[in-house]
Amino acid sequence: MDFNLSKKHLLAQSLYRSFTENEVKPLAIEVDETEEFPRETVNKMAKCGLMGIPVPKEYGGQGCDVLSYIMCVEELAKECGTTSVILSAHTSLCIDPILTYGTKEQKLKYIPELASGRKLGAFALTEAGAGTDAQGQQTKAVLQGTQWILNGTKCFITNGKEADIYIVIAVTGIVEKRGTKKKEISAFIVEKGTPGFSFGTKERKMGINGSSTYELIFNDCCIPNENMLGAKGKGFGIAMHTLDGGRIGIAAQALGLAEGAFDHTVKYVKERMQFGRSIGQFQNTQFQLADMATKIEAAKLLVYKAAKAKENKDSYSVEAAMAKLYAAETAMEVTRKAVQLHGGYGYIKEYEVERMMRDAKITEIYEGTSEVQRMVIAGNVLK
Ligand SMILES: Cc1cc2nc3c(=O)[nH]c(=O)nc-3n(C[C@H](O)[C@H](O)[C@H](O)COP(=O)(O)OP(=O)(O)OC[C@H]3O[C@@H](n4cnc5c(N)ncnc54)[C@H](O)[C@@H]3O)c2cc1C
């Protein structure tokens with residue numbers, strides 16, 4: 001076991017760090033306030049090769065490992081929760097399932113475009129009536145000749161409208177298993193601009209305000225049969241496996257948010273004077289910081305361990321659930337304490353920690369709520 005980062009990882013980390021300092025940090029407040037998708041930043045990320053970090057070179061990616069990609073999400077999140085989730089949804093939820101389940105033709109058609117950042121990806125599973133209970137979905141795809149006709153609505157889709165390629169999960173029939181009828185669920189690759197595919201409501205949110213969260217509407221949308229991803233009826237498994245990987249991305253986002261808020265706080269408590277001394281000299285402040293630092297370190301070990309497990313092709317479902325659960329709850333606790341240690345200034349936008357607190361909350365909800373992570377972990381404990 002080696003807890004030290006390799007030279008390669010340290011080099012990658014310093015690259016992501018300087019990109020974040022130069023390109024992401026200066027815009028973070030503006031992105032939050034204008035609620036605008038940071039398209040220019042995404043273009044710059046594409047130029048720097050950040051949109052396809054774990055993608056093999058033969059498909060136009062950087063050929064790096066999962067940990068390198070995860071460290072990039074972490075670094076971006078230190079300054080901007082929005083930018084980090086754009087990268088995470090694109091890489092973990094769109095590129096990864098095509099790489100894992102796509103045919104050679106699908107990979108050649110879609111991966112180079114996505115990995116270069118010429119195109120952006122998204123993933124659509126959730127519906128108004130089917131969130132945690134993802135099997136409750138109603139979106140249907142019916143085969144007519146060589147085309148699937150897609151009808152239904154997906155909600156809360158990250159990178160919605162901005163993305164060019166969508167992994168869409170839909171019901172393709174009913175199957176009978178041991179006397180009970182069950183939905184047959186399949187996955188599709190759907191391109192923006194396909195007739196019958198449009199966008200509905202844009203969500204206004206508590207945080208990650210520049211992230212574009214949209215409703216997708218399918219109205220007799222024709223998808224060629226060759227755009228089915230994986231085998232017919234395997235869509236639910238594809239979605240669940242994709243979310244296992246996505247959870248490591250969200251855990252990295254949560255970790256970065258906690259680290260960013262912590263860094264701001266350490267600087268602040270050293271400078272802020274009350275009662276003739278810095279507030280960092282009060283034991284309450286020191287104990288809060290000690291707890292925050294310890295939890296961040298624990299979260300980091302879980303996140304990196306899950307990334308390593310995915311890289312090594314070991315099972316990583318439980319590791320990802322533990323990493324997301326712990327990192328998300330740490331992000332929430334650390335950002336809340338960061339606001340408290342800033343006093344009244346913590347409540348003021350200029351000091352940034354209030355934004356980090358608002359951004360942190362979603363990490364406990366999306367890509368499976370904390371309750372879902374507990375279900376996955378408990379299921380494994382009791383198996
Ligand atoms: C900003 C944002 C971005 C998102 N991006 C995407 C995306 O890109 N793609 C996508 O497909 N989805 C996306 N989602 C959807 C997200 O994954 C869901 O909101 C989430 O899974 C929870 O589903 P729900 O909102 O329907 O809550 P519900 O399922 O209604 O849950 C409400 C509460 O009940 C709890 N609960 C539900 N069932 C149980 C149970 N059996 N036991 C214990 N507790 C339970 C939940 O944990 C939660 O606390 C996004 C959501 C948001 C807000």
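For ligands, and for the atoms within them, numbers begin at 1 and follow the listed sequence. The first residue in the sequence is number 1, and the count goes up from there.
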Of the non-hydrogen atoms in Glu364 and Glu329, which two are nearest, and what is the gap between them?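 Looking at all heavy atoms of both residues, the closest pair is OE2-CG, 3.4 Å.
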Nearest atoms (heavy-atom pairs only) where Glu35 meets Lys202: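 Here Glu35 and Lys202 meet closest at O-NZ, 3.3 Å.
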Just let me know how [X] lines up against ligand 1, side chain, backbone, both or neither, with a heavy-atom cut-off below 4.0 Å.
| X | answer |
| --- | --- |
| Lys154 | neither |
| Leu93 | neither |
| Leu125 | both |

Can you label the angle between the Phe199 ring and the Tyr166 ring as parallel, tilted or perpendicular, going by 30° and 60°?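 Plane angle between 30° and 60°, so tilted.
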Short check: is a protein heavy atom less than 4.0 Å from atom 38 (N) of ligand 1?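 It does; a protein heavy atom is within 4.0 Å.
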Atoms in ligand 1 with a heavy atom of [X] nearer than 4.0 Å:
| X | answer |
| --- | --- |
| Glu367 | 17 (O) |
| Ile157 | 7 (C), 8 (O), 9 (N), 10 (C), 11 (O) |
| Ile365 | 20 (C) |
| Ile362 | 1 (C), 52 (C), 53 (C) |
| Met375 | 39 (C), 40 (C), 41 (N), 42 (N), 43 (C) |

Heavy atom to atom 23 (O) of ligand 1, shortest distance: which of Ala89, Gly131, Ser88 holds it?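 Result: the heavy atom closest to atom 23 (O) of ligand 1 is in Gly131.
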Answer yes or no: does an N/O atom from [X] fall short of 3.5 Å to an N/O atom of ligand 1?
| X | value |
| --- | --- |
| Lys205 | no |
| Thr158 | yes |
| Phe123 | yes |
| Glu371 | yes |
| Asp133 | no |

Strictly by modelled atom types, are Tyr69 and Glu74 linked by a side-chain donor-acceptor pair under 3.5 Å?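 Glu74 and Tyr69 do not have a side-chain donor-acceptor pair below 3.5 Å.
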With distance as the sole test, does Lys25 use its side chain to make a donor-acceptor pair with the main-chain N or O of Phe19 at under 3.5 Å?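 No; judged by distance alone, with no hydrogens or angles, the pair does not exist.
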Checking His90 side chain against Leu114 main chain: does a donor-acceptor pair fall under 3.5 Å?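 Pair found, side chain donor or acceptor close to backbone of Leu114.
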Side chains of residues 148-161: which donor-acceptor pairs under 3.5 Å do they make with residues two or more places apart or in other chains?
{"from": "Trp148", "atom 1": "NE1", "to": "Asn225", "atom 2": "OD1", "distance (Å)": "2.8"}
{"from": "Asn151", "atom 1": "OD1", "to": "Asp220", "atom 2": "N", "distance (Å)": "2.7"}
{"from": "Asn151", "atom 1": "ND2", "to": "Asp220", "atom 2": "OD1", "distance (Å)": "2.9"}
{"from": "Lys154", "atom 1": "NZ", "to": "Leu125", "atom 2": "O", "distance (Å)": "3.0"}
{"from": "Lys154", "atom 1": "NZ", "to": "Glu127", "atom 2": "OE2", "distance (Å)": "3.0"}
{"from": "Lys154", "atom 1": "NZ", "to": "Gln137", "atom 2": "OE1", "distance (Å)": "3.0"}
{"from": "Lys154", "atom 1": "NZ", "to": "Ile169", "atom 2": "O", "distance (Å)": "2.7"}
{"from": "Asn159", "atom 1": "ND2", "to": "Ile86", "atom 2": "O", "distance (Å)": "3.3"}
{"from": "Asn159", "atom 1": "ND2", "to": "Gly121", "atom 2": "O", "distance (Å)": "3.0"}

Centroid separation Tyr316 to His241 less than 6.0 Å: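 Yes - the distance between ring centres of Tyr316 and His241 falls below the 6.0 Å cut-off.
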With the side chain counted from C-beta on, respond yes when His264 and Leu341 share a heavy-atom pair under 4.5 Å apart, and no when they do not.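 Contact flag for His264/Leu341 side chains = no.
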Is Glu333 salt-bridged to Lys337, going by a charged N under 4.0 Å from an acidic O?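 Judged by the 4.0 Å cut-off on N to carboxylate O distance, Glu333 and Lys337 do form a salt bridge.
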